[in-house]
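Everything on this sheet refers to the single structure shown next.
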Amino acid sequence: QVQLAESGGGLVQAGGSLRLSCVASGRTLSRYAMGWFRQAPGKEREFVASISWSGGSTWYTDSVKGRFTISRDNAKNTVYLQMNNLKPEDTAVYSCAFVFTSGPNRIYTESYEYRYWGQGTQVTVSS
């Protein structure tokens with residue numbers, strides 16, 4: 001089993017920044033990709049960003065490109081999502097997800113591809 005714990009959410013004004021963290025723990029962790037998804041009230045969960053095991057490949061949904069940055073520290077089994085210039089439409093519960101991977105540069109953008117999920121952290125952006 002793998003456990004994921006997110007932190008860093010909160011309330012911020014439009015234009016502000018937040019950094020989300022997701023720590024993975026449990027069974028031996030090696031060669032895994034991670035992603036961030038979000039779900040706003042009344043909406044379906046949507047992909048936000050993904051990073052490969054090597055960290056060499058990343059992918060973002062169009063609405064956050066240039067504002068969000070995903071990164072990872074494999075020594076700490078932690079993935080980060082730096083969110084800058086936040087907008088009210090970024091308000092959602094953000095969840096991290098984890099999948100073991102065979103490719104060091106492979107990324108995953110579909111929720112069904114991920115095996116383990118965190119509980120989520122609320123991000124609220126006021127106008």
Is the shortest heavy-atom distance from the side chain of [X] to the side chain of [Y] under 4.5 Å?
X: Thr121; Y: Leu20; result: yes
X: Ser111; Y: Trp117; result: yes
X: Asn74; Y: Trp53; result: yes

Tyr32 and Asn77 side chains, donor-acceptor separation under 3.5 Å: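 There is such a pair between these side chains.
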Do the side chain of [X] and the main chain of [Y] share a donor and acceptor less than 3.5 angstrom apart?
X: Ser50; Y: Tyr108; value: yes
X: Thr91; Y: Glu89; value: no
X: Ser57; Y: Asn105; value: yes

Arg38 charged N/C atom sitting above Tyr94 aromatic ring, 6.0 Å / 45°: no
Ionic contact status for Asp62 with Lys65, cut-off 4.0 Å: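 Asp62 and Lys65: salt-bridged.
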How long is the gap from CZ on Arg45 to OG on Ser95, to the nearest 0.5 Å?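 Spacing of CZ (Arg45) from OG (Ser95) equals 6.5 Å.
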Below 6.0 angstrom between ring centroids: does that apply to Phe68 and Trp36? no
Is the Tyr114 to Phe37 ring centre distance short of 6.0 Å? yes
